[in-house]
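Below is one structure; the comments refer to it alone.
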Amino acid sequence: MLVPSQSENLCKITKFLEKLNLTMCDIEAKGTEALCTGLQMNENLKSLILKGNKIGRQGGILLSATLQVNNSLAELDMSDTDQTNESLIALTTVLLDNTSIKKLNVSNPRLNSEQEETTIHFSKMLHVNYGLTELHLSKHDMRDFGATQLAESLKDNKTLLYLNLSCNKISEDGAKAFANLLKLNTPLRKLSFCSNRIGNNGLVALSEAVATSNCNLTTLWVNNNGITETGLCALAAALRSNITLTNVYIWGNELKNTACNAFEKLMEGSSPRVLQHNTDVVPYVVDGITYLAETGHYLFSH
């Protein structure tokens, strides 16, 4: 356990420290208060990882207040820290003006409402923020309404490159909203719908966008989305006309024969369209029938 005085001194004394990883250090609100005191006097720390510390609402609000003073921190990981509606709204309010934060992870908060207020506030922030390049909103209980709000806001955003929306409740309408966004060829390069509900129609819409109108997206996660051959074959076809989408993750969907054959063709030959280390499946043949096996690469790709 890291006690409050140690938290403060880490930031206060180590003037040349640039990255501080405090994952699962049993830090709570009092420790966060001391840490924030140190951060107000530190101009060199670039990365702060607090993943798994139960700092809660109070700790989150303290960190948000600190970001009004600290302009050096570029990466903040507050995932699995029991953030609430109030603390996340406070954070998005600060990020309306703070442009020093480039990477933010606020996955798996403890939300007490199903009205998607926090997603709406993140959407409003992204409409004006020109600092963030990476944002993780996994396990935010996000639905199509919230996803559509995010997609609309990102039409005017010129800096976000990586958006993680994994483990939410987004279905085809939310995916279609992002398909419309991708048609505008925005700077977004990595997009994760892992473990949602986008289905065939959602993936077909995304595939059409990357096939015809987008040359910036490089990585797409659609694993575990209830997708069958229709959607997967649409994605495979899109990869033949799009040359920039290099990483695709599809495991956990219905990998029937047609889809397996389509992805085998993308991965065969001396110059495969999809490299084996850029996806989470690998083809194999039994009795003349092609199957796809999981590689697990997606576990390390987020």
Side-chain angles (χ1 to χ4, degrees), residues 147 151 154 160-166 170-285 289-302:
L154 288 173
L160 194 71
L161 304 177
Y162 180 11
L163 180 61
N164 177 6
L165 301 178
S166 62
I170 302 168
S171 64
E172 66 177 80
D173 288 340
K176 287 178 179 178
F178 271 89
N180 291 332
L181 173 69
L182 293 177
K183 288 178 181 178
L184 300 177
N185 205 30
T186 60
L188 196 63
R189 294 180 183 176
K190 297 182 179 182
L191 178 61
S192 177
F193 283 111
C194 173
S195 299
N196 276 278
R197 307 168 177 174
I198 70 170
N200 285 327
N201 292 338
L203 184 54
V204 167
L206 291 169
S207 299
E208 290 175 352
V210 299
T212 61
S213 309
N214 188 283
C215 61
N216 285 324
L217 195 71
T218 64
T219 308
L220 178 65
W221 290 266
V222 291
N223 32 331
N224 299 300
N225 265 279
I227 302 165
T228 67
E229 290 176 307
T230 301
L232 293 170
C233 288
L235 178 59
L239 288 169
R240 294 198 171 278
S241 57
N242 176 298
I243 61 172
T244 53
L245 183 58
T246 56
N247 297 54
V248 289
Y249 301 94
I250 63 169
W251 183 258
N253 294 298
E254 192 173 313
L255 302 174
K256 293 291 183 68
N257 188 247
T258 306
C260 293
N261 290 335
F263 275 87
E264 180 191 33
K265 291 178 181 178
L266 291 171
M267 300 174 70
E268 67 183 2
S270 58
S271 299
R273 172 61 185 85
V274 177
L275 299 175
Q276 187 172 322
H277 63 270
N278 288 341
T279 186
D280 56 349
V281 295
V282 60
Y284 66 98
V285 179
I289 300 174
T290 299
Y291 300 91
L292 295 176
E294 182 184 21
T295 65
H297 288 162
Y298 81 95
L299 295 174
F300 309 101
S301 59
H302 267 307

- Message: Within the 4.5 Å heavy-atom criterion, are T295 and V281 side-chain neighbours or not?
- Response: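 They are not in side-chain contact.
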- Task: Could you tell me whether the side chain of I170 reaches within less than 4.5 Å of the side chain of F178, counting heavy atoms only?
- Result: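 Sidechains of I170 and F178: no contact.
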- No-hydrogen, no-angle side-chain donor-acceptor test under 3.5 Å, N200 and T228: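 Checked: N200/T228 side chains pair up, N/O donor to acceptor below 3.5 Å.
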- Please check if any side-chain donor atom of D173 sits under 3.5 Å from a side-chain acceptor atom of S171, or the reverse.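 No, no side-chain donor-acceptor pair sits under 3.5 Å.
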- Angle class for the W221/Y249 ring planes (parallel below 30°, perpendicular above 60°, tilted otherwise)?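 Plane angle under 30°, so parallel.
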- Message: With a 6.0 Å cut-off (strictly less than), is the heavy-atom count around CZ of R273, excluding the residue itself, greater than 12?
- Response: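 Yes, the 6.0 Å shell around CZ holds more than 12 heavy atoms from other groups.
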- Item | I289, CD1: over 12 other non-hydrogen atoms inside 6.0 angstrom |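 Counting neighbours around CD1 of I289, more than 12 heavy atoms of other residues, nucleotides or ligands fall under 6.0 Å, so yes.
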- Which atom pair, heavy atoms only, marks the closest approach of M267 to V282?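 M267 and V282 have their closest heavy atoms at CE-CA, 4.3 Å.
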- Message: Enumerate the side chain to side chain donor-acceptor pair (under 3.5 Å) contacts for residues 175-188, please, sequence neighbours excluded, ordered by first and then second residue.
- Response: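 Passing the test, one end in residues 175-188: E172-K176, N185-N216.
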- Query: Quick one: does E229's side chain have a donor or acceptor within less than 3.5 Å of a partner on T258's backbone?
  - Reply: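 It does hold such a pair.
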- Task: Quick one: do V248 and N278 satisfy side-chain contact (heavy atoms from CB on, under 4.5 Å)? Show the steps, please.
- Result: CA-CA 7 Å; V248 289; N278 288 341; over 6 Å; no
- Item | Name of the residue among N225, L232, N253, I250 meeting side chain to side chain contact (heavy atoms under 4.5 Å, CB included) with L203 |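 Among N225, L232, N253, I250, the one that satisfies the side chain to side chain contact (heavy atoms under 4.5 Å, CB included) with L203 is L232.
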